[in-house]
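These notes concern the structure reproduced below.
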Amino acid sequence: MLDPDPAFRPIRMHGGYPPLADLGLIGDGATAALVGLDGSIRWMCVPSFDSEPLFCALLDHARGGEFSVAPEGLVDARQRYEPNTGVLVTELRSDTGLVQLTDALALRSGADLTDDDAAAHGELVRSAVVLSGSVRVRVNVQPRGGAQPRPAFNGMAVECACQPRLRLHLRSNRTLAGLQSTHDLQQGDRLNLVLSWGRFHRHHPLDAEARLRETADAWRRWMTGFHYNGPEPAMVRRAAITLKLCDHWAHGSLVAAPTSSLPAPVGGIRNWDYRYTWIRDAAFAVFALRRIGFVNEADAFLGWVLDAFERSGQARIMYTLGGDPIPDEWDDVELEGYRLSAPVRWGNGAADQRQHDVYGEVLDCADQWVKAGGRFDPVLWDGLSGIADAAGQAWREPDQGIWEVRGSGRIFTYSAAMCQVALDRAAALGERLGLTGPVARWRSEAADLRETILTRAWNEDAKTLSEHLDGGDSVDASLLALPLRGVIPADHPKMVATTAAIAERLSAGDGLLYRYRHDESPDGLAGDEGAFLLCSFWLVDNLVHQGRLEEAEQLYTSLCARASPLGLLSEQIDPSSGELTGNFPQAFSHIGVIASGVNLARATGTAG
């Protein structure tokens, strides 16, 4: 649970790996890092989210590499964010003293985070000050594969074996004997460390404290645009900052998560690289961001989606942050995986799957773009018209679905529903802007497809919509998203019945939901998985729209309480232990925090 003033707690490790709840996220709109409760950075890719990792001890504690700053004799610690910022403070208590470590990926002085522009300094700033007692602080800078330092300017250049073209420079206000050093400090003493990979100016003074102040100021200026009056305001506020930390500010794209291969569950093989942008994230993210005041971020993401579609000439399900095709998936056999959960994967093999929902995702983004005052040229409209026509045929064919099953395809109800969305939005765009195209046919096909879904997906014996159009009574939680996409009203009798069926049959206990049951819906992969947090937020939204506000608010509160003390959520929850699992933090989960909070606020009249 988010705690702005947490108690000190012991350092926990599972075979050299921290629980995900003991990690804090920092970022600069180009990349991100995870800082452990013990003062160690076990994950950071530079210069970009999807670059090769510089530190990845989170995926192999012995060989992955880390950047640690901690007092000898560490007993316990606590973490918090500077209010309304992405600046992280870790207090580390040893048997001889107390150290406060402040971490940030530095932002340019005066940076305006509402601009669609880079604000990153290309610097990791770590500043430790002794609050009480006397301590010996150990520093260990060990990139993956090892590194060689050499004196350079007022610090040292660091040459990495795995990334020889990466220019790193390490500076400090104290003498560094090498990449490993110890520093005896008394109360009030400070140790500043700045690791740079961007442009480095040899004559610029080292002023880590000024960098931290400028970075915090930039975050606070951005947060003046935050507007929300609803339940769990502190959690929604933190979710907004977390989404901004998952955003590539120059491109406008949003990573699904800043990590790769964190398993769900631990010990399983469902380990994927999430450092890319899924088109389906866009519509949900835009809804959430726009309704808490961040219109520029919403518009930037919409514009990025349309640019990526226009440039590629086809509707891909995911792109790199720059809008290019995803690299081929491969297994990294050198890394043992988080808590021995191999394989570690880079790239994503689902990128070339058939997922028909992408047609609706792109056209829904185009519709939102126009509603927000945007326009597009005839060439883009030709492409959008083409995918509307494709959607009118594609729903009849099998695909891998929203859950990206690695087995044989089926005709998924959600995929068909998003083809309905494609047809509906194309017709709306044509009508609103007077564009050329078979608007009447699209409108008619959208209406017919909606009725087809209500008829063919309905299982009278099970009293629920099925996950497939082609028979069976199995359900999957994506059906809860149909009202959110405007396909079927939440209070339609069949949707009410489907909501009840999903809440019962996919329950993992205490309001948690599985995406589907693996015994009923095999997906081509061995093993089970945890409860998928976003699905429970979708359940909240359905309860809200069905007028069941007390149930919705209770569920929403319980889901927010599952966050880490820093207010961060992963993709999944292990129902047996309550542990956060999967890539971390997960953008979709934080989108759910915001969107469901907004829906509750509107329904209860507190939105203002």
Side-chain angles (χ1 to χ4, degrees), residues 25-33 46-49 81-89 102-125 127 194 196-201 204-205 207-228 233 236-255 258 277 281-282 285-308 321-323 368-369 372-374 585 587 590-591 594:
L25 180 71
I26 57 175
D28 61 4
T31 190
V46 296
S48 181
F49 289 103
Y81 283 106
E82 290 284 356
N84 293 319
T85 78
V87 177
L88 184 67
V89 177
T102 303
D103 285 303
L105 286 168
L107 304 179
R108 288 184 289 101
S109 176
D112 181 355
L113 306 194
T114 63
D115 284 347
D116 301 336
D117 197 8
H121 240 305
E123 288 184 345
L124 168 66
V125 179
S127 181
V194 176
S196 307
W197 54 89
R199 291 181 60 193
F200 173 70
H201 300 284
H204 281 191
D207 195 342
E209 295 152 80
R211 281 278 194 267
L212 292 171
R213 285 194 303 270
E214 292 162 359
T215 299
D217 288 346
W219 279 107
R220 291 188 179 110
R221 285 193 300 272
W222 180 74
M223 280 299 288
T224 60
F226 176 83
H227 301 292
Y228 174 78
V236 174
R237 184 176 290 269
R238 180 48 54 186
I241 295 172
T242 303
L243 280 186
K244 186 67 171 177
L245 287 167
C246 292
D247 182 14
H248 194 288
W249 302 346
H251 291 311
S253 47
L254 183 76
V255 293
T277 301
D281 291 7
V286 166
F287 173 91
L289 290 167
R290 191 179 295 281
R291 283 154 182 80
I292 57 172
F294 296 120
V295 174
N296 287 351
E297 285 75 13
D299 288 348
F301 199 179
L302 288 176
W304 179 89
V305 169
L306 297 178
D307 286 346
L321 298 168
Q368 291 196 52
W369 175 257
H590 295 86
I591 289 169
I594 297 169

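The first residue in the sequence is number 1, and the count goes up from there.
When all heavy atoms are compared, the tightest approach of Ile594 to Ala239 is CG1-CB, 3.9 Å. Here the closest non-hydrogen pair linking Gly293 and His227 is CA-CD2, 4.2 Å. Here the shortest heavy-atom pairing between Asp28 and Thr31 reads OD1-N, 3.0 Å. Heavy atoms only, all atoms of each residue included: Ile292 and Ala240 are closest at CD1-CB, 3.7 Å. Nearest heavy atom pair, residue Cys246 against residue Pro585, reads SG-O, 4.4 Å. Heavy-atom minimum distance, Val286 versus Ala298: CG2-O, 3.6 Å.
Interatomic distance, His590 NE2 to Thr242 OG1, rounded to the nearest 0.5 Å: 4.5 Å. Atom-to-atom distance recorded for Trp219:CH2 and Thr224:OG1 is 13.0 Å, nearest 0.5 angstrom. Residue Arg238 holds its CZ atom at 7.5 Å from CG of Leu245, rounded to the nearest 0.5 Å. The line from CG of Leu25 to OH of Tyr81 is 5.0 Å long, rounded to the nearest 0.5 Å. Taking CG of Leu88 as the start and CG of Leu212 as the end, the distance is 11.0 Å to the nearest 0.5 Å. Taken to the nearest 0.5 Å, the CH2 atom of Trp249 stands 12.0 Å off from the CG atom of Asp116.
Shown here are the side-chain hydrogen bond (donor to acceptor under 3.5 Å, both in side chains) partners of Asp247, two or more places apart in sequence or in another chain: there are none. With sequence neighbours left out, Leu306 forms a side chain to side chain contact (heavy atoms under 4.5 Å, CB included) with Ala366, Trp369, Leu380. Residues passing the salt bridge (Lys or Arg N to Asp or Glu O under 4.0 Å) test with Asp103, sequence neighbours excluded: Arg126. Partners of Pro233 under the side chain to side chain contact (heavy atoms under 4.5 Å, CB included) rule, at least two apart in sequence or in another chain, are Tyr228. In terms of the ring-ring contact (aromatic ring centres under 6.0 Å, His included) criterion, residue partners of His248 (sequence neighbours excluded) are, by chain and number, His251. Phe294 is linked by a ring-ring contact (aromatic ring centres under 6.0 Å, His included) to Trp222, counting only residues two or more places apart in sequence or in another chain. Considering only residues two or more places apart in sequence or on other chains, Thr102 meets the side-chain hydrogen bond (donor to acceptor under 3.5 Å, both in side chains) condition with none of them. When the side chain to side chain contact (heavy atoms under 4.5 Å, CB included) test is applied to Glu214, the partners found at least two apart in sequence or on another chain are Ser109, Ala210, Arg211. Legend: residues meeting side chain to side chain contact (heavy atoms under 4.5 Å, CB included) with Asn84, ordered by chain and number and at least two apart, are Arg220, Met223, Arg237. In terms of the side-chain hydrogen bond (donor to acceptor under 3.5 Å, both in side chains) criterion, residue partners of Asp112 (sequence neighbours excluded) are, by chain and number, Thr114.
Counting heavy atoms from C-beta outward, Val125 and Thr215 have side chains that stay 4.5 Å or more apart. Annotation: side chain of Leu124 is not in contact with side chain of Val46 (no heavy-atom distance under 4.5 Å). For the pair Arg221/Leu113, no side-chain contact is recorded, criterion being any heavy-atom separation below 4.5 Å from C-beta on.
The backbone N or O of Leu321 lies less than 3.5 Å from a partner atom in the side chain of Trp304, making a donor-acceptor pair. A donor-acceptor distance shorter than 3.5 angstrom exists from the side chain of Arg108 to the backbone of Ala118, with no hydrogens or angles considered.
Contacts classified as salt bridge (Lys or Arg N to Asp or Glu O under 4.0 Å) and involving residues 294-308 (residues at least two apart or in different chains) are given here: Lys244-Glu297, Arg290-Asp299.
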